[in-house]
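I have placed the structure first, in the form of structure tokens, so that the comments after it can refer back to it.
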Amino acid sequence: YRIHSITIIGNETTKDYIIRQELSLHADSLLTYAELKYDLERIYSLQLFTKVTAEAVPLENNTADLIIMVHERWYFYPYPNLGLRDRSWNKIYYGLGVVHTNFSGKNVRVFGSFALGYDPYVSLNYYDPLIYLERQISLGISGYYKKQRNRSLVSQAGSTNFDENQLVANVTVGKRFSLFSSAAVTLNFIRLTVSDNRAGRTLSPDGTDQYFSLNFNTTYDTRDLREYPRIGSYFGIGITKNGLFEKTINYQSTGIDLRRYIPIYFDMTIAGRVFGAYKWGGRIPNYNHVYFGYGDRIRGYFYKILEGEQQFGTTAEIHYPILKPRYVRMDVLPLEQFRDIRYAVNVALFADAGAVWYRTQKFSINKMYSGYGAGIHFLLAYSAVVRFEYAFPYDRKSRGEFIFDVGAAL
């Protein structure tokens with residue numbers, strides 16, 4: 001069929017244009033199963049709906065009206081703020097938060113939270129993806145105060161560890177150029193003090209670094225389901241100038257992230273990622289080093305901490321769906337926003353590799369750490385992804401390791 005018109009129903013709160021801006025289909029498009037499935041996944045990726053389906057109503061002359069049906073999530077709620085820092089059971093934090101994920105039906109996200117325990121913090125965040133609809137301009141404002149335990153092994157250097165008191169505020173202005181491309185500029189204010197001032201822990205001799213930074217980033221994103229893509233590409237690059245009005249802090253950094261998802265035979269997907277970070281200019285403080293072992297991990301060396309100033313990493317995975325995405329209706333639940341539950345199950349094979357090094361060193365493939373393994377991935381309601389995996393180090397000098405993690409690896 002050729003599409004005669006597109007109608008959206010079920011969005012009692014969400015504005016029509018928030019949904020339509022994710023559609024590659026439009027009036028007079030050729031309606032195919034692949035294109036429709038792609039668009040429905042992109043709508044679900046907004047994380048505003050528990051269920052997204054569609055129906056084509058045939059008309060004359062091989063045309064059809066396309067009806068897209070959405071079921072809205074629960075948008076405003078308090079939540080317990082409980083988790084593990086750096087995936088360690090010795091680093092438990094707990095607290096409360098409150099969030100509105102669709103303020104005024106415009107996909108505006110407002111939330112605040114605090115946590116006690118390991119690395120206590122308080123934060124406030126506001127993000128409007130279309131504060132100026134006609135020009136596709138976005139605005140983000142956020143800030144937090146955190147008492148973070150030092151992560152740098154260089155700064156600790158055999159002594160007792162110490163705390164970093166971080167006060168950070170930023171403003172981001174972005175623009176969406178097309179269905180897939182966008183760019184943003186962020187102005188940051190950072191104030192960091194250390195509880196035990198020693199040489200190298202800050203660039204300022206008094207133990208307090210206070211400065212502004214300016215970041216520019218651009219992205220190109222054609223992924224279908226962002227939480228666990230089956231098809232598409234992602235390319236992101238950012239450049240940051242650290243220190244704008246002072247001489248003590250004066251260096252630059254850039255990061256790049258390239259991902260590709262290709263469907264192959266038997267509903268399998270082969271996925272790959274290449275990423276890196278590069279810093280240059282003046283002295284780089286230890287607290288701005290790059291790591292494997294905290295956010296980014298090398299499975300097979302999941303808990304090993306690698307520290308440096310430059311970083312390179314790569315990941316490859318093959319996903320095979322045991323259960324393709326589907327919905328189950330739970331009428332016994334008291335709230336309509338939780339009755340439609342989406343879930344899927346995939347098995348995966350994976351391989352990771354990465355290295356970090358300092359500017360005074362040369363990059364060498366021989367110094368890279370690598371591992372491989374297999375796992376089972378559960379895609380759950382409200383865009384949650386849970387992974388159970390087993391990984392081996394490539395050199396087999398140490399034992400394999402069980403991994404429980406939240407979120408997709410790439």
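Side chains are part of it too, since the values below use all heavy atoms of this structure and drop only hydrogens, waters and symmetry mates.
Looking only at side-chain heavy atoms (C-beta outward), L187 and L214 come within less than 4.5 Å of each other. Side-chain contact between I298 and L306 is present, with at least one heavy-atom pair separated by less than 4.5 Å. Residues V171 and L139 are in side-chain contact: their nearest non-hydrogen atoms beyond the backbone lie under 4.5 Å apart. Using a 4.5 Å heavy-atom cutoff, the side chains of L23 and L179 are not in contact. Taking the side chain as every heavy atom from C-beta outward, P78 and L96 never approach each other to under 4.5 Å. Residues V345 and F378 meet the side-chain proximity criterion, which asks for heavy atoms closer than 4.5 Å. Between L30 and R2 there is a side-chain heavy-atom pair separated by less than 4.5 Å. With a 4.5 Å cut-off on side-chain heavy atoms, S159 and R198 count as touching.
Side-chain atoms of D352 come within 3.5 Å of backbone atoms of R299 as a donor-acceptor pair (strictly under, hydrogens ignored). A donor-acceptor distance shorter than 3.5 angstrom exists from the side chain of R73 to the backbone of F49, with no hydrogens or angles considered. For R176 (side chain) and S178 (main-chain N/O), a donor-acceptor pair under 3.5 Å exists by modelled atom type. Remark: the backbone N or O of S233 is paired with a side-chain donor or acceptor of T222 at under 3.5 angstrom. Q136 places a side-chain N or O within 3.5 Å of a backbone atom of L133 that can act as its donor or acceptor partner. Although no hydrogens or angles enter the test, the distance criterion places no donor-acceptor pair under 3.5 Å between the side chain of Y287 and the main chain of T202. Panel note: side chain Q310, backbone K279; a donor-acceptor pair is recorded below 3.5 Å. Using a distance-only test at 3.5 Å, with no hydrogens or angles considered, a donor-acceptor pair links the side chain of S88 to the main chain of N90. In this structure, N11 contributes its side chain and T13 its backbone to no donor-acceptor pair below 3.5 Å. A donor-acceptor contact shorter than 3.5 Å links the side chain of R201 to the backbone of S155.
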Starting from the C-alpha separation in whole Å, work towards a yes-or-no answer on side-chain contact (heavy atoms from CB on, under 4.5 Å) for V356 and H289.
-> CA-CA 10 Å; V356 296; H289 283 174; over 6 Å; no
Determine, stepwise, if the pair Y261 / Y234 fulfils ring pair (Phe, Tyr, Trp, His ring centres under 6.0 Å). CA-CA 9 Å; Y261 307 86; Y234 174 87; 9.0 Å; no
Run N161 and N150 through side-chain contact (heavy atoms from CB on, under 4.5 Å) and show every step you take. CA-CA 7 Å; N161 210 352; N150 163 64; 3.0 Å; yes
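Using a cutoff of 4.0 Å between basic side-chain nitrogens and carboxylate oxygens, R191 and D209 are not scored as salt-bridged. Classification of D224 and K37 as a salt-bridged pair fails, no side-chain N sitting under 4.0 Å from a carboxylate O. A salt bridge is defined here as a Lys NZ or Arg NE, NH1 or NH2 lying under 4.0 Å from an Asp or Glu carboxylate O, and E336 with K51 fails to meet this definition. In summary, E309 and R359 engage in a salt bridge, as defined by a charged side-chain N under 4.0 Å from a carboxylate O. Between R342 and E41, at least one side-chain N (NZ, or NE/NH1/NH2) sits under 4.0 Å from a carboxylate O, which counts as a salt bridge. Between R149 and D86 there is no salt bridge, since no side-chain nitrogen of the basic residue lies less than 4.0 Å from a carboxylate oxygen of the acidic one. Of the charged side-chain nitrogens involved, at least one lies within less than 4.0 Å of a carboxylate oxygen, so that D340 and R329 count as a salt-bridged pair. Using a 4.0 Å cut-off between a side-chain N of Lys or Arg and a carboxylate O of Asp or Glu, D119 and K146 do not qualify as a salt bridge. Using a 4.0 Å cut-off between charged nitrogen and carboxylate oxygen, R226 and E22 count as a salt-bridge pair. Using a 4.0 Å cut-off between charged side-chain N and carboxylate O, R297 and D405 make no salt bridge.
At a cut-off of 3.5 Å, with distance as the only test, no side-chain donor of T7 or D65 sits close to an acceptor on the other residue. In this model, a donor atom of one side chain and an acceptor atom of the other lie less than 3.5 Å apart for N215 and N217.
Residue-environment remark: OH (Y394) stays at or below the threshold of 12 foreign heavy atoms within 6.0 Å. Other residues, nucleotides and ligands place more than 12 heavy atoms under 6.0 Å from the CD1 atom of I322. Under a cut-off of 6.0 angstrom, the local environment of NZ in K91 is crowded, with over 12 non-hydrogen atoms contributed by other residues, nucleotides or ligands. For H4, the NE2 atom sits in a loose shell: 12 or fewer heavy atoms of surrounding residues, nucleotides or ligands are nearer than 6.0 Å. No more than 12 heavy atoms of other residues, nucleotides or ligands sit less than 6.0 Å from atom NZ of K106. Around the OH atom of Y1, the shell of radius 6.0 Å holds no more than 12 heavy atoms that belong to other residues, nucleotides or ligands. Within a 6.0 Å sphere centred on CH2 of W74, heavy atoms belonging to other residues, nucleotides or ligands number 12 at most. In F180, the CZ atom is crowded: over 12 heavy atoms of neighbouring residues, nucleotides or ligands sit closer than 6.0 Å.
Partner of H377 under the side-chain hydrogen bond (donor to acceptor under 3.5 Å, both in side chains) criterion, out of E317, R387, E389: E389 alone. With Y369 as reference, Y301 is the one residue of F292, F312, Y301 to meet the ring-ring contact (aromatic ring centres under 6.0 Å, His included) rule.
Taking the six-membered ring where tryptophan is involved, the planes of F388 and F404 are tilted, since the angle between them lies from 30° to 60°. Taking the six-membered ring for Trp and thresholds of 30 and 60 degrees, W357 and F363 have ring planes inclined between 30 and 60 degrees apart. The aromatic rings of Y390 and F392 lie perpendicular to each other, with more than 60° between the two planes, well past the 30° mark.
One finds the CZ atom of F235 at 9.5 Å from the CG atom of D257 (value rounded to the nearest 0.5 Å). To the nearest 0.5 angstrom, R326 atom CZ is 9.0 Å from K324 atom NZ. Note that the CD1 atom of I8 and the CD1 atom of I19 stand 4.5 Å from one another [nearest 0.5 Å]. The CZ atom of R109 sits 5.5 Å away from the OG1 atom of T101 when rounded to the nearest 0.5 Å. A distance of 10.5 Å separates OG in S152 from CG in N288, rounded to the nearest 0.5 Å. We find the CZ-CD1 distance between F212 and I249 to be 11.5 Å, quoted to the nearest 0.5 Å.
Annotation for L40 and I68: closest pair CD2-CG2, 4.3 Å, computed over non-hydrogen atoms. Across G105 and I18, no two heavy atoms sit closer than the pair O-CG1, 3.9 Å. Here the closest heavy-atom approach between residue S113 and residue Y79 is recorded as CB-OH, 3.6 Å. Of all heavy-atom pairs spanning Y327 and V52, the tightest one is OH-N, 3.1 Å. Closest approach of E35 and S24 over heavy atoms only: OE1-OG, 3.2 Å. H319 and A348 make their closest contact through CD2-CB, 3.8 Å (heavy atoms, listed as atom of the first residue, atom of the second, distance).
Sorted by first and then second residue, the ring pair (Phe, Tyr, Trp, His ring centres under 6.0 Å) pairs involving residues 110-164 (not counting sequence neighbours) form an empty list.
For the pair R151 and Y291, the cation-pi test (distance below 6.0 Å, angle within 45°) is failed.
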